[in-house]
Amino acid sequence: MTYQTINPYTNEVLATFPDATKQEVDSAISAAHEAFQVWRETTFEVRTAVLSKAAELLRADRRRYAELLTLEMGKVIAEAEAEVDLSADIVQYYADRGESLLETVKVPVALAAEGDVEIVNEPLGVLLSVEPWNFPFYQVVRVAAPQLLAGNTILLKHASNVPQAAAVFEDLFERAGLPAGAFKNLYLPHDLTEYVINDPRVRGVALTGSEEAGAVIAGYAAKAIKKSTLELGGSDAFVVLADADMDKTVEWAVFGRHWNAGQVCVSAKRMIIVDEIFDEFMQKYRDGVAALTMGDPMDPTTTLAPMSSQGAADNLAQQVARAVTGGATAETLGAKAPTEGAFFQPTVLTGMIPTNPSYYEEFFGPVSIVIRVKDEAEAIAVANDSPFGLGGSVFTKDTVRGKKVARQIETGMVYVNHPTMVKADIPFGGVKHSGYGHELTNLGIQEFINKKVIDVVDINAAF
Ligand code: NAP
């Protein structure tokens with residue numbers, strides 16, 4: 001594993017960064033710990049001012065940041081700009097709410113003799129934030145913004161293919177006025193991860209990424225008896241009922257499966273379509289996917305980006321081949337993908353059945369699994385027949401029915417008539433193999449907090 005910027009549109013290696021040494025890791029932990037001693041005592045007024053400034057800096061340099069995201073992981077430039085905006089919104093969300101998210105809570109007690117009980121919210125200390133490349137800024141702020149507001153400090157271990165996005169974030173917070181060491185990017189090699197987590201000054205770890213990485217990192221945290229949160233993969237169901245508005249639904253299906261080149265944890269990965277409207281959906285979906293334009297992600301007319309790396313595209317091709325060996329049918333759609341760059345021809349997989357070894361896997365790219373079901377009840381059963389439990393969606397004109405179906409889907413988030421709502425003020429989190437814990441809003445900020453109980457028992461004690 002090497003930290004490198006490789007442009008996925010050309011596969012050209014543009015920059016390489018050395019791994020952090022053990023000495024650099026030690027000094028980053030020391031600096032983050034020292035910064036914590038200061039930051040935890042810093043007023044909310046100052047903390048929110050730093051966050052506001054960070055949001056302002058993000059917006060001020062929106063285009064430059066967006067170009068860096070597109071350069072390093074290939075997303076189309078409009079999506080990169082939207083990611084910068086969303087990241088600024090999240091930082092601003094916490095700046096605007098400040099202390100109100102962490103107010104002391106009085107605990108009602110039955111008897112006066114139990115005392116005057118309250119819960120105060122205190123930061124834990126240095127946190128390790130391990131993040132993926134698919135949203136290089138957004139993933140970072142989902143942890144950094146709330147936790148910095150709470151008074152924690154952060155060591156960032158970003159994905160090895162977005163080293164410049166990682167460095168830019170450290171610079172951003174420094175310019176926003178965060179004390180030195182309070183947010184530190186480390187080009188951490190895998191074999192030093194446990195070392196960091198074992199350090200007594202490091203009090204928790206938040207990981208967003210694959211199940212495999214989640215199990216390893218949470219295992220380290222468990223052994224060291226430290227808090228962890230895991231935001232892992234998903235295979236979200238996109239359930240279409242017979243009374244759905246077909247044109248709108250197909251538009252959302254095409255978008256839901258192909259934005260960010262299909263590399264979204266909450267992409268619409270399994271289209272579950274009731275029999276009555278299956279043929280109509282399929283015809284329109286095929287047309288919609290075939291109309292996507294692959295090309296230079298910096299070109300505003302491109303609607304389907306290359307994947308994040310040639311390795312990711314090659315792995316996905318092998319995964320599709322395994323699904324076909326297992327009995328599925330693969331149909332490719334649209335104009336031929338460019339031969340240079342990490343492009344992947346959009347593919348629809350039909351005939352996927354539970355006995356196919358690939359049936360329960362996450363396909364992280366422009367591959368749609370389409371499953372025909374007889375009715376709503378079977379759609380719900382198929383949606384729930386997954387090891388994952390991240391998001392999902394239901395399409396129906398009857399929103400009361402939509403909500404009822406949503407209640408029966410075993411995931412952390414379900415959207416009615418939309419593939420997913422990724423916003424600063426909507427919480428995010430999954431169940432089952434999609435992980436545990438929440439990010440964003442008042443839920444996210446609670447994850448690395450010491451909810452300390454203070455009980456003044458003898459209120460009338462005289463000294
Ligand atoms: P990944 O390989 O698990 O990488 C995620 C992060 O974990 C990277 O920083 C990676 O670093 C690090 N990592 C992996 N193994 C590690 C180890 N043994 N020790 C230390 N660090 C390690 O995930 P990915 O394939 O890049 O990302 C895609 C996955 O993330 C998909 O499953 C997707 O669904 C999931 N995801 C989930 C969410 C969510 O919120 N639930 C959001 C986005 C993505 P290196 O790059 O150095 O390997």
Side-chain angles (χ1 to χ4, degrees), residues 1-6 8 17 19-20 25 72-73 75 83 86 90 128-143 155-163 165-166 185-198 205-221 228-236 259-269 307-309 311-313 315-316 319 360-365 386-392 411-413 420 422 426-440 443-444 447:
M1 180 214 59
T2 314
Y3 286 85
Q4 279 188 325
T5 297
I6 302 174
F17 301 82
D19 284 357
V25 170
E72 287 203 300
M73 60 68 64
K75 68 177 65 199
E83 181 179 342
L86 175 62
I90 292 168
L128 176 65
S129 172
V130 183
E131 301 302 332
W133 44 262
N134 62 344
F135 293 92
F137 276 13
Y138 162 72
Q139 301 291 0
V140 171
V141 296
R142 289 198 333 178
V143 173
L155 298 171
L156 171 67
K157 185 263 171 271
H158 215 325
S160 48
N161 57 335
V162 288
N185 167 48
L186 273 177
Y187 294 132
L188 191 69
H190 287 192
D191 59 8
L192 284 181
T193 314
E194 188 170 18
Y195 178 76
V196 172
I197 293 172
N198 278 341
V205 55
L207 176 134
T208 298
S210 60
E211 279 175 280
E212 295 74 19
V216 169
I217 304 282
Y220 296 153
S228 63
T229 56
L230 297 180
E231 295 287 355
L232 307 179
S235 190
D236 287 5
W259 66 296
N260 216 38
Q263 306 161 111
V264 186
C265 49
V266 286
S267 290
K269 293 177 188 131
M307 291 187 61
S308 61
S309 69
N315 286 341
L316 187 62
Q319 200 185 3
Y360 294 106
E361 292 176 3
E362 176 187 35
F363 285 74
F364 213 55
S386 168
F388 296 106
L390 194 55
T411 63
M413 302 163 280
T420 184
V422 179
I426 301 179
F428 196 103
V431 295
K432 294 158 80 177
H433 276 218
S434 295
Y436 49 80
H438 278 92
E439 289 183 349
L440 302 177
L443 297 185
E447 294 288 356

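Counting convention: from 1, in listed order, for ligands and their atoms alike.
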Between S210 and ligand 1, is there a nitrogen or oxygen pair with a distance under 3.5 Å?
yes
For ligand 1, note which part of L232 has a heavy atom under 4.0 Å away: side chain, backbone, both or neither.
backbone
Run the contact test for L230 against ligand 1 with a 4.0 Å cut-off on heavy atoms, strictly below, and give the result.
no
Taking C-beta and beyond as the side chain, do V143 and E439 meet within less than 4.5 Å on heavy atoms?
yes
Determine, using heavy atoms of E211 and all atoms of ligand 1, whether some pair is separated by less than 4.0 Å.
no
Give the atoms of ligand 1, by number and element, whose distance to some non-hydrogen atom of S160 is under 4.0 Å.
45 (P), 46 (O), 47 (O)
List ligand 1 atoms under 4.0 Å from C265, heavy atoms only on the residue side.
34 (O), 36 (N), 37 (C), 38 (C), 39 (C), 40 (O), 41 (N), 42 (C), 43 (C), 44 (C)
L390 vs D236 side-chain heavy atoms within contact, under 4.5 Å:
yes
Can you list the atoms of ligand 1 that are under 4.0 Å from a heavy atom of L390?
41 (N)
Within the 4.5 Å heavy-atom criterion, are S129 and Q139 side-chain neighbours or not?
no
Other residues, nucleotides and ligands only: do more than 12 of their heavy atoms fall within 6.0 Å of NE2 on H433?
no
Strictly under 4.0 Å, does any heavy atom of F428 approach an atom of ligand 1?
yes
Under 30°, 30 to 60°, or over 60°: which ring-plane class applies to F135 and W259, parallel, tilted or perpendicular?
tilted
Output the distance between atom CG (D19) and atom CG (D191), rounded to the nearest 0.5 Å.
8.0 Å
Is it the side chain, the backbone, both or neither of V130 that has a heavy atom closer than 4.0 Å to ligand 1?
side chain
Nearest neighbour of atom 15 (N) of ligand 1 from the list E231, H190, E439, on a heavy-atom basis
H190
How close do P8 and M73 get, counting heavy atoms only, and between which atoms?
CG-C, 3.5 Å
Short N or O distance, S434 and ligand 1, threshold 3.5 Å exclusive
no
Which atoms from ligand 1 have a heavy atom of N134 less than 4.0 Å away?
43 (C), 44 (C)
Could you list the residues that satisfy side chain to side chain contact (heavy atoms under 4.5 Å, CB included) with V216, not counting sequence neighbours?
Y220
Given that the side chain starts at C-beta and the backbone is N, CA, C, O, which of these parts of F364 lies under 4.0 Å from ligand 1, counting heavy atoms, or is it both or neither?
side chain
Which atoms form the tightest heavy-atom contact between S235 and E361, and what is the distance?
OG-O, 4.0 Å
Go through the steps for Q263 and W133 under the test side-chain contact (heavy atoms from CB on, under 4.5 Å), then give the verdict.
CA-CA 10 Å; Q263 306 161 111; W133 44 262; 3.4 Å; yes
By ring pair (Phe, Tyr, Trp, His ring centres under 6.0 Å) - contacts of F388 (at least two apart)
none
Taking only non-hydrogen atoms of H158 and a 4.0 Å limit, the atoms of ligand 1 in range are 9 (O)
For atom 19 (N) of ligand 1, which of the options L128, T193, V162 provides the nearest non-hydrogen atom?
T193
Does I217 approach ligand 1 within less than 4.0 angstrom via side chain, backbone, both or neither, non-hydrogen atoms only?
side chain
Just go through Q139, K157, R142, E362 and tell me whose heavy atom is the nearest to atom 10 (C) of ligand 1.
K157
